[in-house]
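For reference, the structure discussed in these notes is given below.
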Amino acid sequence: MKILVCISKAPDTTSKIAFTDGGSKFDENGVQYIVNPYDEWYALVRALELKEAGGGNVTILSVGGADYEPIIRKALAIGADDAVRIDAAESDSLFVAKQIAAYAKDQAFDIIFCGKETINYNGSVVPGMVAELLDLPLISLAVKLTVNGNTATVEREVVGGEEVIEVATPFVVSAAKGMAEQRIPNMRGIMAARTKPLTVVPAASAEASTAVKNYTLPPAKSGCKYIDAENAGSLIQLLHEEAKAI
Amino acid sequence: MSVLIYAENHNGKFPKSALEAVSYGADVAAMLGTEAIAITCGTIAGDGGLGNAGASKVLTAAVNGTSDSQQMSKLVLAAAAQTGANVIIFSHDVAGKMIAPRVAARLDAGLVPGATALPSADFVVRKNVFSGKAIAEVAMLTANKVITVLPNSLGVKNTGTTAATEAFTADLGAARITVKEVKTENKDGEIPLPEAELVVSAGRGMKGPEHWGPIEELAKILGATTACSRPVADIGWRPHHEHVGQTGVTIRPNLYIAVGISGAIQHLAGVNGSKTIVVINKDPEAPFFKAADYGIVGDAFEVLPKIIEAAKAFKASH
Ligand SMILES: Cc1cc2nc3c(=O)[nH]c(=O)nc-3n(C[C@H](O)[C@H](O)[C@H](O)COP(=O)(O)OP(=O)(O)OC[C@H]3O[C@@H](n4cnc5c(N)ncnc54)[C@H](O)[C@@H]3O)c2cc1C
Ligand SMILES: Nc1ncnc2c1ncn2[C@@H]1O[C@H](COP(=O)(O)O)[C@@H](O)[C@H]1O
């Protein structure tokens, strides 16, 4: 199996979210970057499990600047074989998808794994765009995936439950919780990652289709109104009359 | 020029998220001085209420909605070509996340996923980013535009009119995926979490699955859907589809009642868009109180029976 895993970087979940330059830029001061959790815990680990069971190769692909390298090394330390970084600022989803598609087009990957969404942009769109640009089936929000020869059986989230699908390789899949269990890289993996190949390729030419103009923080809550536990039943009246929630 | 809205129905019935997308599309069409045309699959009665939500025409495709994103995007693209649509609207739901990116890539269109407000005159669209911790204003730079609308963010119109319906056919090509089985875990009549307006949720503070009775009872009285924190789903006290938060379902109901949940940042990421948040926790220092509108410091097992009594009395008189 020849597998590609698309990996995005995201600020650590405990990062303070703030903006500079009049709200136009994310304030990176003191922010620790991690591998986007869906890409790492679910997409990458499942890809590695498939390789361990059936042989093959797992390649990491990121679209981003040189600041991506520590998180790419982390993915290699978890067990991927090699990595490619497409050297471009990740300006918008369609731009990123075009870069991924341009790279993957002639590589005959059996499966292209993505995460369900990035935790900073919350798009959930790059995998579908990649699938369309490569004319491949997309299995979105997958929670289980097994492979038998050229056929994969995938469980995906649908409204109120799950659906079991069969699809032939090649295809694109976006991974959600349930696909695999998080793996912590060990010392050997970290050492090995240092010498694994990381190729930097130039970006394909493409225009941005959207641009973030400005960021703001949501309005702060006006403060919590406390209700005495003895008098807890009065909550219902407040929810009806004051909050108009019921 | 027109605005096309993909509206998904479930056995002929349109969920609120679909009506919200249609209403959004109607407002965009009004802004552009054009028509809002909806497309849906399968059989619906009359216009299915889409006219009331703002559609001026409803195209009904004589195919069942499929899980094959390529077939569905072919359908939407054919409808867009026929109606001359250059703005295409979806709900940011399972179907929208699967079809909209394909349509955008095919049309070389900018896509704003999860819009929470109508576009400005120059098509700047607001969306939540950083898992709800910030808001971005995103400019759409292309002639063709695709927007998915975050459920429970904007209202549903009530125009009092009916839309004309028109049968629509398109060549969808062969399916490349096969659906083997559909497992729905929802109990009869329960509203799925992403669509629920009222949610009662509980965490590890409930001590064990055998103590969920009052949570389920309160939810039933209020007509709410139940949810839970991640550890509770991980240890198997509750089904996985109830898990809300950064790694679970993201919700923005009108009311979120959190019982025995500490309010870790990863939990808040999935629920902080809720309009009213009630926190019940025995620890006054629990971080969740900072995000709460109403707080009760107390033991859930003493507090819940009082709330249940009051809720019963309220329902009996309203
Ligand atoms: C990367 C990452 C992603 C994560 N994603 C998610 C996610 O999507 N969703 C999620 O929920 N978590 C997520 N978590 C876990 C999260 O950090 C917390 O550990 C989790 O939310 C805690 O669950 P809890 O509040 O139920 O349990 P606890 O933290 O154990 O809190 C239990 C609470 O119940 C209270 N309590 C105890 N007894 C009673 C009583 N009798 N009456 C009233 N209150 C009582 C306690 O005071 C306490 O505040 C994630 C963690 C990481 C690192
Ligand atoms: N810059 C990037 N490089 C590689 N993969 C990416 C990048 N951005 C997004 N992806 C992939 O696309 C998925 C969905 O991203 P998004 O549509 O931004 O929510 C992520 O989970 C990644 O797998």
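Everything numeric here is computed off the predicted structure, so don't read it as measured data.
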Counting only non-hydrogen atoms closer than 4.5 Å, does I227(A) touch chain B with its backbone (N, CA, C, O), its side chain (CB onward), both, or neither? both
Checked E163(A), E230(A), K213(A), Q237(A) vs chain B; the most non-hydrogen pairs under 4.5 Å come from E163(A)
Is it the backbone or the side chain of A233(B) that comes under 4.5 Å from a heavy atom of chain A, or both, or neither? side chain
E302(B), part contacting chain A, at a heavy-atom distance under 4.5 Å: neither
Heavy-atom pairs under 4.5 Å with chain A are the metric here; pick the option from N254(B), T142(B), I307(B), I308(B) that has the most. I307(B)
If only side-chain N and O atoms count, and only distance matters, is there a donor-acceptor pair under 3.5 Å linking N152(B) with E195(B)? no
Only residue of E157(A), E155(A), E162(A) satisfying salt bridge (Lys or Arg N to Asp or Glu O under 4.0 Å) with K183(B) is E155(A)
Take the angle between the ring planes of F289(B) and Y226(A) and call it parallel below 30°, perpendicular above 60°, tilted in between. tilted
Taking C-beta and beyond as the side chain, do L145(A) and V173(A) meet within less than 4.5 Å on heavy atoms? yes
Looking at every non-hydrogen atom in both residues, tell me the closest pair between P127(A) and S174(A) and how far apart they are. CG-CB, 3.8 Å
E181(B), part contacting chain A, at a heavy-atom distance under 4.5 Å: both
Could you check whether atom CG of D67(A) has more than 12 heavy atoms from other residues, nucleotides or ligands sitting under 6.0 Å from it? yes
Could you tell me which residues satisfy side-chain contact (heavy atoms from CB on, under 4.5 Å) with L77(B), sequence neighbours excluded, listed by chain and number? V103(B), R106(B), L107(B)
Decide whether E8(B) and S91(B) meet the rule of one side-chain donor and one side-chain acceptor closer than 3.5 Å. no
Taking the basic N atoms (NZ, or NE/NH1/NH2) and the acidic carboxylate oxygens, is any pair closer than 4.0 Å for K306(B) and E309(B)? no
Please lay out, stage by stage, how R102(B) and D135(A) fare under the test salt bridge (charged side-chain N to carboxylate O under 4.0 Å, His left out). CA-CA 10 Å; R102(B) 296 201 87 111; D135(A) 190 26; 5.1 Å; no
Please state whether the side chain, the backbone, both or neither of L138(A) comes within less than 4.5 Å of a heavy atom of chain B. both
When the 4.5 angstrom heavy-atom criterion is applied to D93(B) and chain A, the contacting part is neither
Can you name the residues of residues 91-104 of chain A that have some heavy atom under 4.5 Å away from a heavy atom in chain B? L94(A), K98(A)
Using non-hydrogen atoms and a 4.5 Å limit, figure out which bit of K275(B) sits close to chain A: side chain, backbone, both or neither. backbone
Under 4.5 Å from a heavy atom of chain A, the part of L198(B) involved: side chain
Side chains of Y294(B) and E242(A), donor plus acceptor under 3.5 Å: yes
With a 4.5 angstrom heavy-atom cut-off, is it the side chain or the backbone of K116(A) that approaches chain B, or both, or neither? side chain
What option among I99(B), D299(B), D293(B), L255(B) has the most heavy-atom pairs under 4.5 Å with chain A? D293(B)
Sub-3.5 Å donor-acceptor pair from the side chain of K133(B) to the main-chain atoms of K16(A), do we have one? no
Less than 4.5 Å to any heavy atom of chain A: does that hold for the side chain of K145(B), its backbone, both, or neither? neither
Among G128(A), P137(A), S222(A), P11(A), residue most engaged with chain B (heavy-atom pairs, under 4.5 Å): P137(A)
Comparing H243(B), K290(B), R126(B) against chain A, the one with the most heavy-atom pairs below 4.5 Å turns out to be H243(B)
Part of T250(B) lying under 4.5 Å from any heavy atom of chain A: neither
Check whether V125(B) gets within reach of chain A through its side chain, its backbone, both or neither, counting any heavy atom under 4.5 Å. neither
Looking just at side-chain N and O atoms, do Y38(A) and Q246(B) make a donor-acceptor pair shorter than 3.5 Å? no
Testing the 3.5 Å rule here: is there a donor-acceptor pair between the side chains of N36(A) and D39(A)? yes
Quick one: of A211(A), S140(A), A18(A), who has the most non-hydrogen atom pairs under 4.5 Å with chain B? A211(A)
Consider only side-chain N and O atoms of D68(B) and T66(B), and report whether a donor and an acceptor are under 3.5 Å apart. no
Sub-3.5 Å donor-acceptor pair from the side chain of T169(A) to the main-chain atoms of I111(A), do we have one? no
Look at the aromatic rings of Y215(A) and F19(A) and report parallel, tilted or perpendicular, splitting at 30° and 60°. parallel
Please classify the contact of A136(B) with chain A as side chain, backbone, both or neither, using a heavy-atom distance under 4.5 Å. both
Whatever's closer than 4.5 Å to a heavy atom in chain B on P37(A) counts as side chain
Would you say R156(A)'s side chain and I139(A)'s backbone share a donor-acceptor pair under 3.5 angstrom? no
With distance as the sole test, does H267(B) use its side chain to make a donor-acceptor pair with the main-chain N or O of G263(B) at under 3.5 Å? no
Counting heavy-atom pairs under 4.5 Å with chain A, which one of I135(B), V94(B), V249(B) comes out on top? I135(B)
Which of the residues G114(B), P15(B), G298(B), A134(B) is involved in the greatest number of heavy-atom pairs with chain A at under 4.5 angstrom? A134(B)
At a heavy-atom distance under 4.5 Å, which candidate from T216(A), L238(A), D228(A) has the highest pair count against chain B? T216(A)
So what's closer than 4.5 Å to chain A heavy atoms on Q266(B): side chain, backbone, both or neither? side chain
Of all of T276(B), T247(B), V303(B), which one pairs up most often with chain A through heavy atoms under 4.5 Å apart? T247(B)
Under 4.5 Å heavy-atom distance to chain A, tell me which part of T116(B) shows up: side chain, backbone, both or neither. neither
E242(B)-T226(B) side chain donor-acceptor pair, cut-off 3.5 Å: yes
So, the part of A224(B) with a heavy atom under 4.5 Å from chain A: the answer is neither
So, the part of I265(B) with a heavy atom under 4.5 Å from chain A: the answer is side chain
Interchain contact, I236(A) with chain B, by part (heavy-atom threshold 4.5 Å): side chain
Between N214(A) and E137(B), does any side-chain donor sit less than 3.5 Å from a side-chain acceptor? no
For each of N122(A), V125(A), V167(A), T118(A), tally heavy-atom pairs with chain B at distances under 4.5 Å, and name the one with the top tally. N122(A)
